[in-house]
**Student:** 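A single structure is presented below for examination.
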Number of protein chains: 2
Amino acid sequence: MTVPPGQCCAPIAREPLAEDTAAELAVLLKAVADPVRLRLLSMIASHAGGEACVCDLTGAFDLTAPTISHHLKVLRTAGLIDGERRGTWVYYRVVPEAVNRLGALFTPLASRVGTLHDEAAPSPVLR
Amino acid sequence: MTVPPGQCCAPIAREPLAEDTAAELAVLLKAVADPVRLRLLSMIASHAGGEACVCDLTGAFDLTAPTISHHLKVLRTAGLIDGERRGTWVYYRVVPEAVNRLGALFTPLASRVGTLHDEAAPSPVLR
DNA sequence: CTATAATTTCGACAGGCTTCTAATCAGAAG
DNA sequence: CTTCTGATTAGAAGCCTGTCGAAATTATAG
C-alpha cells in the first residue's frame with residue numbers, strides 16, 4: 001500500500017517536467033513559498049467578497065507597509081492576485097486560474113475541472 | 001469572515017492561515033520552489049516503478065553530483081521524497097502524502113464561474 | 001486649492017540560497 | 001586486502017531575496 005492507483009494523473013508524475021516549464025512554475029511557487037505571502041494570499045482568498053484592502057492586511061503583521069507592498073507585488077507579478085484601486089484604497093483578489101494551476105500540479109486525482117495546461121497568459125517572466 | 005456554508009474551499013481560502021502553519025507550509029513550498037528540485041521531483045515521480053536512481057538524475061542536468069545531492073537532501077528533509085540505498089546505488093521515491101498535501105492546499109478553490117462544477121467527489125486527502 | 005492619509009517606489013544592508021571544488025563514506029569488484 | 005565507482009558531506013564564493021527607512025505619487029476631504 002505504498003502508492004494507491006491513480007498517481008499517473010498529476011502533471012508532475014506523468015512525465016518529467018521540461019526545463020523551461022519547471023523554471024516557469026518555480027517562479028509561481030517561489031511567490032507562495034514565503035510565510036508572509038502565503039498568509040497574504042490566504043487572507044485575500046478567505047476574505048469576504050473575495051477582495052481585501054491593503055489596510056486590512058498590514059494590521060495582521062509586524063511588518064512595515066512597504067514590506068507588505070513588496071510581497072503583494074511579488075504575488076501580483078506572479079499572476080496569483082490582481083489589484084484594483086478604488087479611491088484611496090487598493091483592493092486585491094486572487095486569480096483562481098493561477099491558484100488552481102498550482103493545485104493541479106501536485107494533485108494526482110481531481111483535475112477534472114477544465115484544462116489548465118495551456119493558457120492565454122502572456123507570461124511576462126521577469127528574469 | 002462570511003464563509004458560504006457548504007462551499008468547503010481550499011484550506012488557503014477557507015480561513016486565514018495561522019502564522020505557524022504558514023511557516024510550516026512555506027518550508028514545504030520552498031523545497032519545490034526551485035527549477036532543479038521541481039524537475040528532480042517530477043523525474044522521480046514519473047519514473048517507472050516510482051523509484052529513480054541518483055545516477056539517472058544527474059545526467060539530465062548540467063550540474064555537479066554534489067549539487068544534485070544537495071537538492072535531493074532538501075527534498076528529503078522536507079519529507080517530499082524518501083531515499084533508500086540498495087547496494088551501490090541510492091534510489092529515491094516520492095512520498096504521496098506530502099505531495100498531496102501541497103495539492104490540497106490550492107486545489108479545491110471554488111471559482112464563481114458555473115462552468116462545470118461537477119466536483120461531487122472531493123476525495124479528501126488524509127494524512 | 002490645500003491638506004491629509006494611504007500606497008508605492010527608491011536605496012541600502014543583512015541573511016539565505018545555489019553552486020562549485022575538495023574531501024569523506026559506503027559498497028562492489030578484482 | 002586493495003581499488004574502484006557512486007553518493008554524500010564540508011567549506012567557501014557569488015548572487016538573489018527579505019527587510020527597513022525615507023521620499024514620491026495619488027486620491028479623497030474640507
**Student:** Shorter than 3.5 Å, N or O on both sides, protein versus nucleotides 18-20 of chain D: list them out with atom names.
**Tutor:**
unit_1	atom_1	unit_2	atom_2	d
D:dG18	OP1	A:Arg37	NH1	3.0
D:dG18	OP1	A:Arg37	NH2	2.6
D:dT19	OP2	A:His71	NE2	2.3
D:dC20	OP2	A:Thr67	OG1	2.9

**Student:** If Ile, Leu, Val, Met, Phe, Trp and Tyr residues are connected whenever their side-chain heavy atoms lie under 4.5 Å apart, and connections chain through other members, are A:Leu63 and B:Leu17 in the same group?
**Tutor:**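 Hydrophobic grouping puts A:Leu63 with B:Leu17.
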**Student:** Heavy-atom count around B:Arg86 CZ within 6.0 Å, excluding the residue itself: above 12?
**Tutor:**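 Count over threshold, so yes.
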**Student:** Specify the separation, in whole Å, of atom CZ of A:Arg85 and atom P of C:dT9.
**Tutor:**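 My rounded result for the distance is 10 Å.
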**Student:** Is A:Tyr91 near enough to C:dA6 that one of its side-chain N or O atoms lies under 4.0 angstrom from OP1 or OP2?
**Tutor:**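 Negative; the distance criterion is not met.
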**Student:** Give a yes-or-no answer on whether the side chains of B:Arg85 and B:Tyr91 include a donor-acceptor pair shorter than 3.5 Å.
**Tutor:**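 B:Tyr91 and B:Arg85 do not have a side-chain donor-acceptor pair below 3.5 Å.
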**Student:** Between C1' on D:dT25 and NZ on A:Lys73, what's the gap in Å once rounded to a whole number?
**Tutor:**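 Result: 14 Å.
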**Student:** By a strict heavy-atom criterion of less than 4.0 Å, which residues belonging to residues 53-61 of chain A are in contact with DNA chain C?
**Tutor:**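 Listed by number, they are A:Cys53, A:Val54, A:Cys55.
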**Student:** I need the single residue from B:His47, B:Glu51, B:Arg76 that forms a side-chain hydrogen bond (donor to acceptor under 3.5 Å, both in side chains) with B:Tyr92. Which is it?
**Tutor:**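 For B:Tyr92, the side-chain hydrogen bond (donor to acceptor under 3.5 Å, both in side chains) check succeeds only for B:Arg76.
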**Student:** Drop me the distance from B:Arg39's CZ to B:Phe61's CZ, to the nearest 0.5 angstrom.
**Tutor:**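 It is 4.0 Å, given to the nearest 0.5 Å.
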**Student:** Side-chain N or O of A:Ser69 versus OP1/OP2 of C:dT8: is the shortest distance under 4.0 Å?
**Tutor:**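 For C:dT8, OP1 or OP2 has a side-chain N or O of A:Ser69 closer than 4.0 Å.
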**Student:** Look at the side-chain heavy atoms of Ile, Leu, Val, Met, Phe, Trp and Tyr, link any pair under 4.5 Å apart, and say whether B:Leu41 and B:Val36 land in one connected group.
**Tutor:**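 Yes; B:Val36 is reachable from B:Leu41 via cluster members.
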**Student:** Output the rounded distance in Å from CH2 (A:Trp89) to C1' (D:dT28).
**Tutor:**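 Rounded to whole Å, this separation is 8 Å.
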**Student:** Is it possible for you to say whether B:Val74 and A:Leu25 belong to one hydrophobic cluster, with membership spreading through side-chain heavy-atom contacts below 4.5 Å?
**Tutor:**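 They do not share one cluster, since no chain of ILVMFWY contacts under 4.5 Å joins B:Val74 to A:Leu25.
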**Student:** Whole angstroms only, please: what is the CZ-P distance between A:Arg86 and D:dA27?
**Tutor:**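 It is 13 Å, rounded to the nearest whole Å.
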**Student:** Nearest-Å distance, CG (B:Leu40) to C1' (D:dT8)?
**Tutor:**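 It is 15 Å, rounded to the nearest whole Å.
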**Student:** Answer yes if B:Val95 and B:Val99 sit in the same cluster of Ile, Leu, Val, Met, Phe, Trp and Tyr residues linked by side chain heavy atoms under 4.5 Å apart, and no otherwise.
**Tutor:**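 The answer is no; the residues belong to distinct hydrophobic clusters.
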